[in-house]
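Hydrogens, waters and symmetry mates play no part in the numbers below; they use all other heavy atoms, side chains included. Naming convention: chains lettered A, B, ... in sequence-line order (proteins, then strands); numbering from 1 in each chain.
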2 protein chains.
Amino acid sequence: MRIGELSRRTGVPARMLRYYEEQDLLRPDRAVNGYRVYPEAAVYRVQQIRGLLDSGLTTDIIRRIIPFLDRPDDIHLHPDCLTPELADLLRSEAARIQQRVECLSRNRDRILAYLAAVEAAKQGAGC
Amino acid sequence: MRIGELSRRTGVPARMLRYYEEQDLLRPDRAVNGYRVYPEAAVYRVQQIRGLLDSGLTTDIIRRIIPFLDRPDDIHLHPDCLTPELADLLRSEAARIQQRVECLSRNRDRILAYLAAVEAAKQGAGC
DNA sequence: GCTTGCCTTCTCATTGATGAGAAGGTTTCA
DNA sequence: TGAAACCTTCTCATCAATGAGAAGGCAAGC
């Protein structure tokens, strides 16, 4: 598919899809006329990129971890692909992500607890 | 305490503490000479702001939810404080945070699963 | 063939979170 | 009194992600 269709199907502006390519997050083929040509899987890939960006990861981090985020296919499973430095990077990124998860979960719970408490107070007061 | 001490104790540059004040996330008192004066609780507050910023929330969102993130004290518990619009805002923010948590958890799990798979492959291969 | 719509690249602008420095007032301590 | 360490405000710069437009090539339909 071309960039317009990918944009429509993901809701991400074509401008941004070109930017993600510039950042090496996407690597579309090119048609003979120079148009970008994306495989079907690009839809999922773009959604994944958006989710990670919205979660506060930078394109730099996403670029480095995205090869390992796909469904487990045997291509990446060969230990040879994984230098010790890369393994460390992945472990530390997982830890940083975990910190974010904890912080966000904690604060989500506080918001919900507040709402629940107000609800209970309303009930109790018979309003 | 003054801005320098707060900066040292939180590891956040004084420049940023002034910025958070500009963004209405902090409201220090002023000494007679004009110096900012922070209460002890500001240390915790700053850490909370940092965690949320690092998790990808904007100062705008943080400003709107931060009054409800404190330990439950009865000050905020009066339902009168909570207009229906504000309750909706809080619910939707909680939902958005939840989405981030899910996205991040999913990808953290994939990274860890990848690492585990490689580890298992190494063991199996007797390397 | 011309119009319309989609594509290309390039460039300029903006926004939010930061870094950094200047110029000057205050406190402390020797 | 003078130096050192703090504080103030103001300003300019940067970086990542994004918006937006110009200028022009390609393609499908009337």
Side-chain angles (χ1 to χ4, degrees), chain A residues 1-39 42-43 45-66 93 96-97 99-100 103-104, chain B residues 1-39 42-43 45-66 93 96-97 99-100 103-104:
Chain A
M1 97 197 63
R2 288 179 305 183
I3 199 170
E5 184 182 345
L6 183 58
S7 173
R8 276 188 298 275
R9 287 178 59 185
T10 59
V12 176
R15 167 74 178 77
M16 281 300 100
L17 297 177
R18 297 195 188 98
Y19 175 69
Y20 299 155
E21 177 180 356
E22 187 186 314
Q23 297 299 306
D24 237 26
L25 304 183
L26 294 175
R27 299 171 177 254
D29 283 339
R30 294 292 178 140
V32 284
N33 57 12
Y35 287 11
R36 290 169 177 84
V37 174
Y38 298 88
V43 174
R45 164 67 58 107
V46 169
Q47 289 165 344
Q48 187 161 48
I49 292 169
R50 282 307 324 163
L52 292 168
L53 280 172
D54 288 342
S55 300
L57 303 200
T58 64
T59 54
D60 183 70
I61 293 174
I62 296 174
R63 181 187 327 109
R64 289 187 292 177
I65 66 175
I66 210 168
E93 275 313 317
R96 291 166 57 87
I97 291 174
Q99 283 194 337
R100 284 175 154 86
C103 176
L104 290 172
Chain B
M1 94 196 66
R2 287 179 306 183
I3 201 170
E5 184 181 346
L6 182 58
S7 173
R8 277 188 298 276
R9 288 178 59 185
T10 59
V12 176
R15 166 73 178 80
M16 282 299 99
L17 297 176
R18 298 195 187 96
Y19 174 69
Y20 299 155
E21 177 180 356
E22 187 186 314
Q23 298 299 306
D24 238 26
L25 304 182
L26 294 174
R27 299 170 177 255
D29 283 339
R30 295 290 179 142
V32 284
N33 56 12
Y35 287 11
R36 290 170 178 82
V37 175
Y38 297 89
V43 174
R45 165 67 58 108
V46 169
Q47 288 165 344
Q48 187 159 47
I49 292 170
R50 282 307 325 165
L52 292 169
L53 279 172
D54 287 342
S55 301
L57 302 200
T58 64
T59 54
D60 183 71
I61 293 174
I62 297 173
R63 181 188 326 109
R64 290 188 292 179
I65 66 175
I66 210 168
E93 277 312 321
R96 292 165 57 87
I97 291 174
Q99 284 195 335
R100 284 177 153 84
C103 176
L104 290 172

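For A:L53, whose side chain is taken as the heavy atoms from C-beta onward, the closest listed nucleotide among C:dA17, D:dC26, D:dA17 is D:dA17. Listed nucleotides: D:dT9, D:dA17, C:dA17. Nearest to the side chain of A:T58: D:dA17. Relative to the side chain of B:I3, the nucleotides D:dG19, D:dC7, C:dT26 differ in distance, and D:dC7 lies closest.
Where B:A14 and A:P13 each meet DNA chain D at their nearest nucleotide, the meeting point lying more 5' is that of B:A14.
Put simply, the side chain of B:R100 never gets that close to the backbone of A:R100: no donor and acceptor are under 3.5 Å apart.
The structure places CG of A:L26 at 12.0 Å from CZ of A:R63, a figure rounded to the nearest 0.5 Å. Summarising the geometry, atom CG belonging to A:L53 is positioned 9.5 Å from atom CD belonging to A:Q23; distances are rounded to the nearest 0.5 Å.
Contact annotation: A:N33 side-chain N/O to C:dC7 OP1/OP2 distance is not under 4.0 Å. Contact annotation: B:R30 side-chain N/O to D:dT9 OP1/OP2 distance is under 4.0 Å. Here B:Y20 does not reach the OP1 or OP2 of C:dA17: none of its side-chain N or O atoms lies under 4.0 Å away. Between A:R36 and C:dT9, a side-chain N or O to OP1/OP2 separation shorter than 4.0 Å is present. In this model, the phosphate group of C:dA17 is approached by a side-chain N or O of B:Y19 to a distance below 4.0 Å at OP1 or OP2.
Among B:R27, B:R2, B:E21, B:R45, the one residue that satisfies the side-chain contact (heavy atoms from CB on, under 4.5 Å) test with B:Y38 is B:E21.
Summarising the geometry, the separation between CG on A:L25 and C1' on D:dA17 is reported as 12 Å, rounded to the nearest angstrom. Note: CZ (A:R2) to C1' (C:dT8) measures 12 Å, nearest angstrom. Rounding to whole angstrom units, CG of residue B:L17 and P of C:dG19 are separated by 11 Å. Look at CG on A:D60: it is 9 Å from P on D:dA16, rounded to the nearest Å. Put simply, CG on A:D29 is 16 Å from P on C:dC7, counting in whole angstrom units. As a whole-Å value, the separation of A:Q23 CD from D:dA16 C1' is 8 Å. D:dC7 atom C1' lies 7 Å from atom CZ of B:R18, rounded to whole Å. A:R15 places its CZ atom 12 Å from the C1' atom of C:dT14, with the value rounded to the nearest Å.
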Under the salt bridge (Lys or Arg N to Asp or Glu O under 4.0 Å) criterion, do B:E5 and B:R8 qualify, and how do the steps go? CA-CA 5 Å; B:E5 184 181 346; B:R8 277 188 298 276; 5.6 Å; no
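A donor-acceptor contact under 3.5 angstrom links the side-chain atoms of B:Y35 to the base of C:dG25.
Using a 4.0 Å heavy-atom cutoff across all strands shown, A:R8 reaches no nucleic acid atom at all.
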